[in-house]
Number of protein chains: 2
Amino acid sequence: MSGKRSLIRSGTTVDQMVRAIGDRIVTGVLRPGEKLDEVSLAVRFEVSRTPVREALGQLSAMGLVERRPNRGAIVAVVTQEHLTAMFESMAELEGICARFCAERMTGSERRALETEHQASARLVRLGAEEDYEYFNTEFHSRLYRGAHSTHIQELTATTRSRLAPFRRAQFRLAGRLAKSWQEHDAIVTAILRGDGAAAGKAARDHVSIVSEASAVFAAGDQPNAASTTSVTSG
Amino acid sequence: MSGKRSLIRSGTTVDQMVRAIGDRIVTGVLRPGEKLDEVSLAVRFEVSRTPVREALGQLSAMGLVERRPNRGAIVAVVTQEHLTAMFESMAELEGICARFCAERMTGSERRALETEHQASARLVRLGAEEDYEYFNTEFHSRLYRGAHSTHIQELTATTRSRLAPFRRAQFRLAGRLAKSWQEHDAIVTAILRGDGAAAGKAARDHVSIVSEASAVFAAGDQPNAASTTSVTSG
DNA sequence: TCGGAGGCAATTGCATGCACTTTTTGCCTT
DNA sequence: AAGGCAAAAAGTGCATGCAATTGCCTCCGA
């Protein structure tokens with residue numbers, strides 16, 4: 001074809017499409033319920049329908065999109081019930097991770113966890129939501145990795161990405177930033193103490209609270225709008 | 001297009017292929033490390049390569065097959081480490097399910113659980129491994145459903161299917177049948193008592209034991225695998 | 001005999017085309 | 001005017017074909 005792969009980075013075209021579409025779902029550019037037209041996407045990304053179809057299939061297997069036979073694909077719409085179940089599962093998964101962390105983290109992992117956590121305190125004082133968001137993600141990733149279980153890590157990561165569309169902007173809630181840090185602090189303290197049960201409980205509680213915070217947004221956040229925002233990929 | 005649907009049952013061709021290939025992996029007809037040739041599969045199932053490719057992509061997203069770009073697909077080969085992690089996760093997931101069951105199961109669910117469980121006792125006495133296997137699957141499915149959490153159910157089901165290739169023949173181990181039933185009994189008793197903590201622990205222990213039992217088989221059961229031990233099974 | 005470069009066969013990756021399904025639109029009937 | 005039916009339009013599902021990549025085999029040189 002007309003030469004090169006300037007889309008998203010290397011990999012096969014299908015992989016690029018999975019990442020491209022998946023990212024747009026997770027980051028909220030494509031919103032739950034939005035129709036995913038094969039030809040539009042193909043034109044949009046300058047590929048044929050085949051890789052788009054394969055990508056949609058894989059995203060469907062991952063639960064990010066929903067496919068109705070002969071009737072097209074849409075960004076996965078989850079019921080309130082299912083959303084609750086996902087947050088609940090997320091709480092349990094993070095609880096397990098935290099428990100494992102308390103039992104298994106190496107010395108350097110513990111030090112890194114605490115160092116980064118303490119560093120993020122500054123962002124709370126500054127009220128830097130964007131930056132804290134980044135630290136928050138990193139913090140949780142540390143928990144997943146620290147569990148030393150590749151599979152738990154997988155389950156947690158996929159669940160997290162499926163929840164991502166529904167937890168945006170949670171830090172805009174008044175006071176959420178400071179509270180989040182305090183909750184993280186409880187988790188870190190318990191892990192450093194080696195108290196698995198306490199770490200697990202703290203992590204579960206943390207996610208549960210995030211869950212409630214996010215539910216507010218989820219309620220008024222499920223459009224069927226078909227406006228395909230033009231994105232500058234480059 | 002000679003439209004005959006005599007393959008596996010309804011759904012699109014791709015769905016049929018996902019089920020067909022997935023089943024063969026889960027049931028061990030296709031074994032870890034085995035090459036999945038697109039044209040062979042296409043010929044074998046009398047479809048073109050396209051649905052086969054899509055199916056392989058989805059199975060790859062599910063973790064059942066491994067895809068190397070431009071180099072074909074193989075049935076997923078898991079390292080001993082990853083296998084351990086999966087069993088460990090499975091134990092935790094089932095523990096959560098059992099805990100939730102104890103807290104949430106309806107009256108009729110509890111009755112059905114106990115009834116079926118008691119019925120399966122007969123199979124243990126007869127040493128009917130095949131039939132018990134079926135009841136065993138059903139028993140665990142009841143736990144997943146009884147947790148009343150669609151997402152935990154999903155996580156559990158996919159993890160279970162990814163483990164399936166490695167837990168075949170576990171009931172052939174001497175005495176495993178009776179022990180399995182006793183472990184189930186502990187879970188059921190705790191659930192009926194409404195004791196979530198005990199139910200969780202019993203379920204975790206149960207899976208852990210299955211894990212150890214299966215590890216025996218997993219060791220000598222990876223045919224073409226690059227980095228595993230030699231094969232002892234027939 | 002060993003190592004490497006080049007070419008050939010086999011296989012994957014993607015584009016395109018056609019068939020089938022669903023949805024929409026326009027016309028006819030009541 | 002409203003409802004229903006039918007035909008067209010749109011869009012998905014799958015097959016086929018071609019390009020590109022990989023792996024293997026051969027041949028040549030040291």
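The chains referred to below are lettered A, B, ... by the order of the sequence lines, with proteins before strands, and numbering in each begins at 1.
Between the base of dT16(D) and the side chain of Thr50(B) there is a donor-acceptor pair shorter than 3.5 Å. A donor and an acceptor atom never sit less than 3.5 Å apart when one is taken from the side chain of Arg71(A) and the other from the base of dG13(D). At a cut-off of 3.5 angstrom, counting only N and O atoms as typed in the model, there is no donor on one side facing an acceptor on the other between the side-chain of Arg49(A) and the base of dG11(D).
Here dC14(C) is the nucleotide among dC14(C), dT22(C), dA15(D) with the atom lying nearest to any side-chain atom of Thr13(A). The side chain of Lys35(A) lies closest to dT12(D), out of dG13(C), dC14(C), dT12(D). Taking only side-chain atoms of Asn70(A), from C-beta outward, the nucleotide of dT12(D), dA15(C), dT22(D) with the closest atom is dT12(D).
A salt bridge is defined here as a Lys NZ or Arg NE, NH1 or NH2 lying under 4.0 Å from an Asp or Glu carboxylate O, and Arg145(B) with Glu138(B) meets this definition.
Near-neighbour residues of DNA chain D inside residues 52-69 of chain B, defined by a heavy atom below 4.0 Å, are absent.
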For residues 56-76 of chain A, which side-chain donor-acceptor pairs fall under 3.5 Å, sequence neighbours excluded?
residue: Arg67(A); atom: NH2; partner: Arg53(A); partner atom: O; Å: 3.4
residue: Arg68(A); atom: NE; partner: Gly72(A); partner atom: O; Å: 3.3
residue: Arg68(A); atom: NH2; partner: Arg71(A); partner atom: O; Å: 2.9

Ignoring hydrogens and angles, write down the donor-acceptor pairs under 3.5 Å from the side chains of residues 82-97 of chain A, residues two or more places apart or on other chains.
residue: His82(A); atom: NE2; partner: Glu154(B); partner atom: OE2; Å: 3.4
residue: Thr84(A); atom: OG1; partner: Gln80(A); partner atom: O; Å: 2.8
residue: Glu88(A); atom: OE1; partner: Arg104(B); partner atom: NH1; Å: 3.3
residue: Glu88(A); atom: OE1; partner: Ser149(B); partner atom: OG; Å: 3.4
residue: Glu88(A); atom: OE2; partner: Arg104(B); partner atom: NH1; Å: 3.4
residue: Glu88(A); atom: OE2; partner: Arg104(B); partner atom: NH2; Å: 2.4
residue: Ser89(A); atom: OG; partner: Ala85(A); partner atom: O; Å: 2.8
residue: Ser89(A); atom: OG; partner: His151(B); partner atom: ND1; Å: 3.4
residue: Ser89(A); atom: OG; partner: Ile152(B); partner atom: N; Å: 3.4
residue: Glu92(A); atom: OE1; partner: Arg99(B); partner atom: NH2; Å: 2.9
residue: Glu92(A); atom: OE2; partner: Arg99(B); partner atom: NH2; Å: 2.7
residue: Glu94(A); atom: OE1; partner: His140(A); partner atom: ND1; Å: 2.8
residue: Glu94(A); atom: OE2; partner: His140(A); partner atom: ND1; Å: 3.2
residue: Glu94(A); atom: OE2; partner: Tyr144(A); partner atom: OH; Å: 2.6

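A straight line from CD of Glu46(B) to P of dT16(D) spans 12 Å, rounded to a whole angstrom. Between the CG atom of Leu36(B) and the C1' atom of dT12(C) there is a distance of 14 Å, given to the nearest Å. Nucleotide dC14(D) holds its C1' atom 15 Å from the CD atom of Glu38(B), rounded to whole Å.
The side-chain hydrogen bond (donor to acceptor under 3.5 Å, both in side chains) check on Thr158(A) picks up nothing, with sequence neighbours excluded. Applying the salt bridge (charged side-chain N to carboxylate O under 4.0 Å, His left out) criterion to Arg110(B), with sequence neighbours excluded, gives no partner residue.
Every pair tested for salt bridge (charged side-chain N to carboxylate O under 4.0 Å, His left out) that includes a residue from residues 75-84 of chain A fails, sequence neighbours excluded, so the list is empty.
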